[in-house]
Structure formats: C-alpha cells, structure tokens
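Residue numbering restarts at 1 for every chain, and letters A, B, ... go by the order of the sequence lines.
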Amino acid sequence: MSEVKKSLNFLEQIIEEDLAKGLDKSKLKFRFPPEPNGYLHIGHAASICLNFGLGIKYNAPVNLRFDDTNPVKEEQEYVDSIKNDIQWLGFNWAEELYSSDYFQQLYDWAIMMIKNGKAFVDDQTSEQIAEQKGTPTKPGSNSPFRDRLVSENLDLFEKMKNGAFDEGTHVLRAKIDMSSPNMLMRDPVMYRILKKAHHRTGEDWKIYPMYDWTHGESDYIEQISHSLCTLEFKHHRELYDWFLDQVYDPEKLRPKQREFARRNLSYTVMSKRKLLELVESGYVNGWDDPRMPTISGLRRRGYTPRSIREFSDSAGIAKRDNVTDLALLEFHIRNELNKTAPRVMAVLDPVKLVITNYPEGKEEMLTGENNPEDADAGFRTIPFSRELYIEREDFREVANKKFFRLKLGKEVRLKNAYIIKAESVDKDADGTIKVIYCTYDEDSKSGSGTEASQRKVKGTIHWVSSKHALKSEVRLYDRLFTDEAPDAHKERGFKEFINPDSLKVIPDAYVEPSLATAQKGDSFQFQRLGYFNVDKDASDDRLVFNRTVALRDSWAKIEQRK
RNA sequence: UGACCCAUAGUGUAACGGUAGCACUCCGGUUUUUGGUACCGUCAGUCAAGGUUCGAAUCCUUGUGGGUCAACCA
C-alpha cells in the first residue's frame, strides 16, 4: 500500500507542533464565530470547512458561537440563516453558544480588572478619545481620567451598567500603553453604553462589551485550543493575549489565535457591506439571488454542499492575499453534477423542424439513457413526432465543415432518435427562418441495432417534440461583475463593474415532458447546454429553471476566435 | 515615511537546507449518439541583489512590490 502523503497546511502544522510539544489531543477544540449581522458567503464557507474540517480530522468538538455583542446590527433572522447554511454544508457543531451567554462573566472580570488597576472609566467623547489615540506613526497621549481612583471607577462602571448615563458619555477602557506601536494596545475600549434591546438578553444590559474584550475570553471560557481567524486580526493578537493574561489560570488551557488569508473569488465581491449594498440597491433580488456568492445564493443556483466543500479543500489555506479563479468553483460543481444529474433535452431558442416523410399524426416513444456516467440511473421514454423544435443555433443553411450540426443537404443525428437530412427552409419577410424541412432515415433509430442506426454522422443535436414539449421559464446567469477583482480599484467603485447581462430570462423555453414531475431544487443536465435546477419560484403549472453552470463549450471557443 | 504580515507557472497551493510538484485555466490530440465526460500530451514559476553553505524557493541582509493598522463595528 503506497499512500500519497497529503501535505499539511500551515495551521495543521501548528496543531501538530502543539501536539508534539505535549498538548493532549483530547484538548483540541475549535469554533466558528459568525456575527449574526448578515448571510454567510463562500468566503465563510472556507472558514467553516477549515474549522469543522479540523474537528473531523482530529475528532475534536467545534462550537458554533455567535459573536453577538452589537445589538444594533444583529438579528435573529441571521442566526437562523447561519445555522441553516452550516447544516446544509453538512457540518454539525458540538454546542450552539453565544458571546452574550458570557456577559455576566465578562462583567465580573471587568470589575476585577478595575480593582487591579487595569481598567478605567473614561468620560470623554469618542472624538476626544480618537484624538488622543495618535496615529500609526505617532504615539497617543493619556486620557485625563486614566488615573481615576479605583472606587470612583467602580462606582461609575456600575452606574454605566445600570443605565444612569446616556449613550456615548462613558466607556470602560483597558489601561495598557498609549505609546504602543500597535494602535489596538492604546487603552482600547472594553465597554460602551448601548440602550438597545439585544436579540437574546433583551433589556438586561445597558452596556455591551467590545469584540476584543469578548472574543478571546469567550475562547477561554469554552477552552478553545485554536482560535482561527482572518489576517486582518493579526494585530489583535497582542491584545487577545493581553486580555487573556488578565484572567488566565495556568491550570487551564490557554487558547491560541492564529490567522489565515480570507478566500476571495474572482468576478465577485465578498464583504458583507458590499453584498448588502447589492441587495438594498436592487441590483440583485435578495441575499439568495442565484448570482450572489452567498451560501443561500449558491444553493439556489444549484451548487451542492459537496461541490463547495471540495472547492474549499482544493483551494487550500495560506497566509497570502488571493483571488481564487471562479473557474475552480465551476469545475467542482460540473464535476459532481456530471456524475449525478439526470440528462434531459431542452430547447432554449427554438426553431421548428418538420420531418416531411414522417407520417402525420404518428407518435412514438423513444428511449433515452438518463446518465451515461451512472449505469444505475436507468432509462426514460421521450415522445417523438413529425414536428420538433431544435436549437436555432444548431442549424445553418450553409456552413464550413467545422460546423458539425445541421445544414442544408447534410445529415445529423437527433439525440436518442433518428438521423435526419435538411432539405429546405421557410423564411419570413426579414429572412428569419420559420421552419426547417427535413427527411429522416426510418432505419436509423437509436438503439435499434440496424446497420443504419450504427452509421456514424458527425453531429448529434438535441430536440423536443413540439406537441409534447413543456413550456418553462429558464434563467441564464452569468458572472455578476465584468472585472476579476471589482473591489480592488482605488479610483473606481465596485458597482461600476456590474455585468449588465448577468441575468437573461427566457420566458418560453421548451423542455421534454419527463420534467413535468421535477421538484424544486432538482438538478438536471440539459444536454449540450449545461446544468439547470428547478427554482423555488416554480409552481404546479409553471416550471422555472436556473442555469447553475454551462457545460464546457469548445465550439464556442472556436467560434470566438473568428 | 512607523509597526506588523505576505511574495513559487495565468490562478490557487505544495516542497520545512538535497531532482520545484499538484489542481484549475489555456492550448493540442484520442475516444464519443452530449463540440459534454474520460484519457493522453504541450506551454508555463521560486520578486531583485548580495551573503551563509558542498548544496538555498527554504536561512541572513538590503531593496522592490502588495496587504493590514488611527470604529464607543466584528
């Protein structure tokens, strides 16, 4: 048995080193800490796959912890959608927890810090505090309230807690170092007054802890061994460790924060703020618009949990800024759907085709293979008749020999049916082809085993019987932006790069009748076109399909070169 | 005019002082009743300059380029 050794990413190496240095494997514990202020996107999926993936790899618990310290922005709706998305991706958390569960403990620790002279109440406005903060290149200066008596601090802090003061009038600050080169260490705010109802604690609290004060202590309370976050928190690590020092008991595990680069995707944006802007300004139809890089958008588009997990795994984890090619995501969904999606025929841009030597009124049921990649997928029947629809672009009156499709005087195979030859066309006044007249070779029926059925013709095209076809709506999606990195331009806003053709609706496409029983969410391959799934907008009398992704199309590439 | 982080084919990611590899993309070919799939193949890379070493993508120095940091957001 030779097993290819899978290389470890740098975070796994850190874990392995900790284990080698004596950390008990049973102490390994991770967490995914979303703020419930928006929907999860493909970048979060990378973090989810990382943390829950480590949990699976090391058989360690992974907590879902909502970082809910800002009642102004957070809502139950987001909590619900986040839980749903994580489960849909296929992961299970050990415990569902909330930073707000720790408000009392955090408050008690803050009192202790005041008593230890490590925190003080500042009466200044945020503007004054900002002014004293200095800049990255200039040190800050101390607050005039920095050396307040412990008793006074205790009294003031309690009054803050009890709602005696207005918002913005007082904050509790850690007493660290106003001249630190790390701005975060310049007496950071630990608590602010916020008289807002919290989605879980209601009216209990008039003060709310800040991220830095909350996050590391929450990790410590939960005994998270490795707290993994994105690169922009690198500078926070010093403060994370400082706050931990204030409460740390050497008997307990000390959490370790490490940072990795967030996953970016080409031709889209990934910040919640920008995504929200797209939703609110109506460029897309909600957070689950199939063009959105949100988990809910990708789900509606037809992406599967597995394809997203495999995308995340193959993209990897590292520390450098990146823009991952959208083509990699598309590769993974095609790769899965190719194996699982039943094949059907659908005509999106129909032109009528009449087989003049096929008896009028005759109908027959032909057999089609559901999936050549899956021997167990079975077969279905497809009605055939004298009048069909084919794809308009599959016919040309004249074309060179690179065009493998139907042209006058030449033959082509109708998928799962007969070989036909184009004889003539009817056009309307402006030259648009109305009907293509063909003859068929009666002995060439697919699968009949006759000599004629085994003739090799260069092209095979898809079709539907006009009498039997179902009309349905088909939505063709394309990338939301025309630029690889729409938000990487200093002089231009990301919305300048919005793709005006990101959605094309075909109100009356024709699909084969077997689709009548298709259920919302079901995925199919429309042969020669792409993968499509049934949208939630579908109703009993009207199918609606989303194009998940087109098939690779080497003909389109040949055409483009001209 | 600061601190910290990062730099490997077009993109993403390995190689942990000992032959620069993998995936996607691109391009070419074979097979094919999907111009799909599958299979085969081609092109293509260590930011630069010094230094240490028998040997450097890897260690050191300097430079260059990119990113992060001045919310009572997370």
Side-chain angles (χ1 to χ4, degrees), chain A residues 4 6-9 13 33-35 37 67-70 72-74 122 125-126 129-131 133-140 167-173 180-184 186 188-194 207-208 210-212 214-215 229 231-238 259 261 263 266 272 311 314-332 334-335 338-339 343 345 369 372-373 402-405 412-417 419 446-447 453-462 484 525-530 550-558:
Chain A
V4 181
K6 197 166 180 292
S7 57
L8 303 177
N9 66 46
Q13 290 181 23
E35 183 188 10
N37 70 340
D67 225 333
D68 58 348
T69 57
N70 186 357
V72 177
K73 298 202 293 184
E74 293 150 8
D122 197 330
T125 64
S126 60
I129 292 175
E131 214 161 295
K133 203 126 199 171
T135 72
T137 53
K138 280 195 281 289
E167 288 185 13
T169 58
H170 299 73
V171 289
L172 184 74
R173 291 226 259 168
S180 169
N182 183 347
M183 302 271 306
L184 290 160
R186 325 242 260 227
V189 173
M190 293 171 66
Y191 279 94
R192 77 285 212 191
I193 299 168
L194 238 36
I207 55 173
Y208 290 91
M210 302 292 291
Y211 166 83
D212 287 296
T214 308
H215 201 94
C229 60
L231 244 34
E232 66 270 26
F233 290 97
K234 178 70 214 270
H235 299 286
H236 294 249
R237 190 152 111 197
E238 190 179 1
E259 310 82 14
R263 177 69 40 205
S266 60
K272 280 189 206 172
F311 163 76
S314 70
I317 292 286
K319 287 173 80 166
R320 54 176 164 163
D321 296 326
N322 60 78
V323 182
T324 301
D325 197 337
L326 175 62
L328 185 64
L329 218 210
E330 294 183 336
F331 165 78
H332 285 288
R334 285 194 190 104
N335 196 33
N338 175 51
K339 296 177 195 121
R343 271 57 171 173
M345 291 194 284
E369 194 178 15
E373 305 296 319
K402 279 192 168 174
F403 185 80
F404 301 161
R405 308 174 183 189
V412 80
R413 160 76 64 183
L414 290 175
K415 179 78 185 170
N416 299 317
I419 293 170
S446 289
S453 74
Q454 296 181 9
R455 280 167 52 209
K456 299 288 175 195
V457 288
K458 189 63 187 170
T460 299
I461 63 173
H462 60 277
E484 262 188 23
Q525 184 195 92
F526 288 1
Q527 285 195 302
R528 303 210 305 131
L529 297 175
L551 254 28
R552 288 183 66 220
D553 188 350
S554 48
W555 169 244
K557 283 174 188 163
I558 294 167

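- Using a 4.0 Å heavy-atom criterion, one finds that A:I317 contacts the sugar-phosphate atoms exclusively.
- Of all nucleotides listed (B:G10, B:A38, B:G36), B:A38 comes nearest to the side chain of A:N335.
- Applying the 3.5 Å distance criterion, the base of B:U34 shares no donor-acceptor pair with the side chain of A:H462.
- Nucleotides B:C6 and B:U25 have their C1' atoms positioned 24 Å apart, rounded to a whole Å.
- Here A:F233 lies in heavy-atom contact (under 4.0 Å) with a base.
- Residue-to-nucleotide proximity on RNA chain B shows that, of A:N416 and A:E232, the 5′-proximal contact is made by A:N416.
- Residue contacts shown for A:L328 are limited to sugar-phosphate atoms, with no base heavy atom under 4.0 Å away.
- Taking atom C1' on both B:C26 and B:G10, the two are 8 Å apart, rounded to the nearest angstrom.
- The side chain of A:K557 places an N or O atom within less than 4.0 Å of a non-bridging phosphate oxygen (OP1 or OP2) of B:C27.
- Side chain of A:D67, nearest nucleotide from B:A74, B:G35, B:U34: B:A74.
- Looking only at side-chain heavy atoms (C-beta outward), A:E238 and A:L184 stay at 4.5 Å or farther from each other.
- Spacing between atom CG of A:D321 and atom P of B:U11 amounts to 14 Å, rounded to whole angstrom units.
- We find that CE of A:M345 is positioned 18 Å from P of B:G36, with the value rounded to whole Å.
- OP1 or OP2 of B:U33 has not a single side-chain nitrogen or oxygen of A:R528 nearer than 4.0 Å.
- With a cut-off of 3.5 Å on both pairing distances, the Watson-Crick or G-U wobble partner of B:A3 is B:U68.
- Ranking B:C69, B:C73, B:A14 by closeness to the A:M183 side chain, first place goes to B:C69.
- At a threshold of 4.5 Å between non-hydrogen side-chain atoms, the residues A:M210 and A:L172 do not count as touching.
- Taking every side-chain heavy atom of A:D325 into account, B:G10 is the closest of B:G35, B:G10, B:A74.
- Nucleotide B:U52 forms a pair with no other nucleotide shown, judged by Watson-Crick or G-U wobble geometry with both contacts under 3.5 Å.
- Taking atom P on both B:G35 and B:A20, the two are 43 Å apart, rounded to the nearest angstrom.
- The partner of B:A57, taking Watson-Crick or G-U wobble pairs whose two distances both stay under 3.5 Å, does not exist in any strand shown.
- A close approach under 4.0 Å does occur between a side-chain nitrogen or oxygen of A:S554 and OP1 or OP2 of B:G36.
- Between the side chain of A:Q525 and the base of B:U34 there is at least one donor-acceptor pair of N/O atoms closer than 3.5 Å.
- At a cut-off of 3.5 angstrom, counting only N and O atoms as typed in the model, there is a donor on one side and an acceptor on the other between the side-chain of A:R405 and the base of B:G35.
- Side chain of A:T137, nearest nucleotide from B:U1, B:A70, B:A14: B:U1.
- As the counterpart of B:C27, B:G41 is assigned, both hydrogen-bonding distances of the Watson-Crick or G-U wobble pattern falling under 3.5 Å.
- When distances are taken from the side chain of A:K234 to each of B:C72, B:U13, B:C4, the shortest belongs to B:C4.
- Residue-level contact check: A:K402 touches the bases, meaning some heavy atom is under 4.0 Å from a base atom.
- Only the C1' atoms considered, B:A9 is 24 Å distant from B:C5, to the nearest whole Å.
- Across all strands, A:Y211 comes closer than 4.0 Å to base atoms (heavy-atom distances).
- A:R528 and A:T460 form no side-chain donor-acceptor contact under 3.5 Å, judged by distance and modelled atom types alone.
- Counting atom types as modelled, A:R413 pairs a side-chain N or O with a base atom of B:U33 as donor and acceptor under 3.5 Å.
- Side-chain N/O atoms of A:H235 and base N/O atoms of B:A70 include no donor-acceptor pair closer than 3.5 Å.
- Following rounding to the nearest Å, A:F311 (CZ) and B:U13 (C1') show an atom-to-atom distance of 12 Å.
- Here, B:C40 and B:U46 have their P atoms 28 Å apart, quoted to the whole Å.
- Atom P of nucleotide B:U33 and atom NZ of A:K456 are separated by 4 Å, given to the nearest angstrom.
- At a threshold of 4.0 angstrom between heavy atoms, the contacts of A:K73 include nucleobase atoms, whether or not backbone atoms are also involved.
- In the set B:G35, B:C73, B:A70, B:A70 carries the atom at the smallest distance from any side-chain atom of A:P136.
- Residue contacts shown for A:F526 are absent, as no nucleic acid heavy atom lies under 4.0 Å away.
- The separation of B:A74 from B:C69, taken at their P atoms, amounts to 15 Å, rounded to a whole angstrom.
- For a distance-only test at 3.5 Å, the side chain of A:S446 qualifies as a donor-acceptor partner of the base of B:U33.
- The P atoms of B:G18 and B:U58 are separated by 12 Å, rounded to the nearest whole Å.
- B:A57 and B:C73 are spaced 40 Å apart, taking the C1' atom of each and rounding to whole Å.
- Comparing A:T324 and A:E373 against RNA chain B, the residue whose closest nucleotide sits nearer the 5' end is A:T324.
- Here A:V171 lies in heavy-atom contact (under 4.0 Å) with a base.
- Distances were taken from every side-chain heavy atom of A:N338 (C-beta onward) to each of B:G35, B:U13, B:U37; the shortest belongs to B:U37.
- Among the protein residues, A:V323 comes within range of the sugar-phosphate backbone only, with heavy atoms under 4.0 Å from sugar or phosphate atoms but none that close to a base.
- Atoms CZ (A:F331) and C1' (B:G12) sit 13 Å apart, rounded to a whole Å.
- Judged by Watson-Crick or G-U wobble contacts below 3.5 Å, the nucleotide B:G21 has B:U13 as its partner.
- As judged by a 4.0 angstrom heavy-atom cut-off over every strand, A:R186 is placed among residues making no nucleic acid contact.
- Residue A:P372 is classed as a base contact, given a heavy-atom separation below 4.0 Å to a base.
- Residue A:T125 is in base contact, counting any heavy-atom pair closer than 4.0 Å across all strands shown.
- Using a 4.0 Å heavy-atom distance criterion, A:N182 is classed as making no nucleic acid contact.
- Among the protein residues, A:R552 comes within range of the sugar-phosphate backbone only, with heavy atoms under 4.0 Å from sugar or phosphate atoms but none that close to a base.
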Give the intermediate values and the outcome of side-chain contact (heavy atoms from CB on, under 4.5 Å) for residues A:R263 and A:N322. CA-CA 7 Å; A:R263 177 69 40 205; A:N322 60 78; 3.4 Å; yes
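- If you measure from atom CD of A:E330 to atom C1' of B:C24, you get 11 Å, rounded to the nearest angstrom.
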